[in-house]
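Counting begins at 1 with the first residue of the sequence.
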Amino acid sequence: MARSKGNKAKASPLPPPPPPMDTPDDDLMNDLLAQLDSRDQNVQMESAQVLNEMNLNEKADKIEATTSKQDSKSRFKARQARRAAALAQNYSQDDPEVQARLAKEAQDETDAIKRVCKELSLEIQEINPDGHCLFSAVADQLTLLGILPPEQANYVNLRIVAANFIQSHPDDFLPFLPSSVGEDGAGALDAGLMSPKEFEDYCKSVRETAIWGGEPEIVALTRAFNVPIHVVQGGQPPVVIHNPPDYPRESNVYDDAAVRISYHRRLYGLGEHYNSLRKVKPS
């Protein structure tokens, strides 16, 4: 039976949205971070305590484990969660419970990395935690592999190589380098690409300062030297393999021709850090 024109069909209620991915409460996290700037020490400590109880590093791990490299917004959320966790820890140094938990997390991570190293007959070569650790660790490996002579294998030269490679391949790196006024800006919610000036400044910082190196720089180095870089970590997967496009074969975890470094998120309270991994010498 046809409906009369005077009766409009009642709109069906929209189905409820799917449950969000297990991410930190952005509004709560941002509010608590703002309260860390309070002049009231009690407010600072209470905000830090709530941030610590949010298990932000664990939630960031879950985001990264289920996020594609192209999903810049989710990657941004993971980075923001880690930054919030690190900042909150600085306000909780006198809390024995927090310190005990951080010590356990650091020890669990170290044990996991050492288990992988034992399976691969590797041992950790400590690298100075001075902001140049990624470049120094890779430099140590390139010397061992005979790719660079010792006098050239240092963080200064590797920073130049990484920065020059990134700068000469902007289309490959810009999607992974969000703008300071986009997703990395204060209070920003959306992803944004760097402007040409920001990109130039970023490359200059990689080249000339102690800015921390991360995945973009690893990708640049593996492609610039045409050598796989394996990153052993405490999370999943235990070994992250970066293969250069022109490498003649697919590298695997047992590839002794690869650069091998370890990535520590919580080592000795230093925050993110890289070490070099060397083959265990036969006794």
Side-chain angles (χ1 to χ4, degrees), residues 64-72 75 112-113 115-125 127 132-177 199 202-203 206-207 211-265 272-281:
E64 291 174 344
T66 57
T67 297
S68 69
K69 290 185 177 181
Q70 286 71 35
D71 188 350
S72 59
R75 290 186 295 106
I113 290 173
R115 281 194 296 271
V116 178
C117 288
K118 183 176 181 181
E119 181 182 342
L120 299 176
S121 298
L122 300 172
E123 60 185 2
I124 293 175
Q125 174 71 22
I127 297 296
H132 305 295
C133 56
L134 168 65
F135 305 97
S136 295
V138 174
D140 180 70
Q141 290 286 300
L142 293 177
T143 299
L144 294 175
L145 294 172
I147 295 174
L148 280 183
E151 62 272 16
Q152 295 180 20
N154 55 64
Y155 71 76
V156 175
N157 286 334
L158 263 70
R159 279 188 173 278
I160 293 172
V161 170
N164 288 350
F165 191 92
I166 292 172
Q167 193 162 20
S168 61
H169 297 79
D171 292 343
D172 295 339
F173 290 93
L174 272 173
F176 307 101
L177 299 173
F199 183 63
Y202 177 86
C203 294
V206 172
R207 187 182 295 111
I211 185 176
W212 186 82
E215 184 165 350
E217 288 69 40
I218 293 175
V219 172
L221 291 171
T222 194
R223 291 178 60 184
F225 289 103
N226 196 35
V227 61
I229 296 182
H230 295 186
V231 184
V232 176
Q233 60 178 7
Q236 293 296 325
V239 183
V240 179
I241 296 178
H242 298 269
N243 276 315
D246 297 330
Y247 199 60
R249 56 189 170 79
E250 195 74 12
S251 184
N252 61 63
V253 295
Y254 299 102
D255 186 357
D256 288 337
V259 164
R260 286 161 160 172
I261 58 179
S262 56
Y263 169 56
H264 309 258
R265 285 199 177 108
E272 297 172 320
H273 180 67
Y274 289 93
N275 281 319
S276 176
L277 299 177
R278 296 182 177 183
K279 291 293 290 184
V280 175
K281 294 179 181 178

Chi angles and distances behind the side-chain contact (heavy atoms from CB on, under 4.5 Å) call for Phe199, Ile166: CA-CA 9 Å; Phe199 183 63; Ile166 292 172; 3.7 Å; yes

Candidate pair Phe165 and Arg223, rule side-chain contact (heavy atoms from CB on, under 4.5 Å), full reasoning: CA-CA 8 Å; Phe165 191 92; Arg223 291 178 60 184; 3.5 Å; yes

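- Asp140 places a side-chain heavy atom less than 4.5 Å from the side chain of Arg278.
- A distance of 8.5 Å separates CG of Leu277 from CD1 of Ile113, quoted to the nearest 0.5 Å.
- Under the 3.5 Å distance criterion, the side-chain polar atoms of His242 are left unmatched by any main-chain donor or acceptor of Ala220.
- Contact annotation: the side chain of Glu217 never approaches that of Val138 to less than 4.5 Å [non-hydrogen atoms, C-beta and beyond].
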Full working for side-chain contact (heavy atoms from CB on, under 4.5 Å) between Leu142 and Val227: CA-CA 9 Å; Leu142 293 177; Val227 61; 4.2 Å; yes

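- Side-chain N or O atoms of Glu215 include none that pairs as donor or acceptor with a backbone N or O of Val219 at under 3.5 Å.
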CA sep, side-chain torsions, deciding dist, call: His230, Tyr254, side-chain contact (heavy atoms from CB on, under 4.5 Å): CA-CA 10 Å; His230 295 186; Tyr254 299 102; over 6 Å; no

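- Under the 4.5 Å side-chain criterion, counting only non-hydrogen atoms from C-beta, Gln236 is in contact with Pro238.
- For the atom pair Ile261 CD1 and Gln141 CD, the distance stands at 8.0 Å (nearest 0.5 Å).
- Going from atom OG of Ser251 over to atom CG of Asn243 covers 5.0 Å, rounded to the nearest 0.5 Å.
- Expressed to the nearest 0.5 Å, how far OG of Ser262 lies from CD of Glu123 amounts to 11.5 Å.
- Expressed to the nearest 0.5 Å, how far CD1 of Ile127 lies from NE2 of His132 amounts to 12.5 Å.
- Atoms OG1 and CD1, on Thr143 and Ile147 in that order, are 9.5 Å from each other to the nearest 0.5 Å.
- Remark: the backbone N or O of Ile211 is paired with a side-chain donor or acceptor of Arg159 at under 3.5 angstrom.
- Across all their heavy atoms, Ala257 and Pro228 have their closest contact at O-CD, 4.4 Å.
- The ring-ring contact (aromatic ring centres under 6.0 Å, His included) check on Tyr274 picks up Trp212, Tyr263, with sequence neighbours excluded.
- Taking Asp256 as the reference, Arg260, Lys279 meet the side chain to side chain contact (heavy atoms under 4.5 Å, CB included) condition, with sequence neighbours excluded.
- With a 4.5 Å cut-off on side-chain heavy atoms, Leu221 and Val259 do not count as touching.
- Minimum interatomic distance between Val116 and Val239 (heavy atoms only, all atoms of both residues): CG1-CG2, 3.8 Å.
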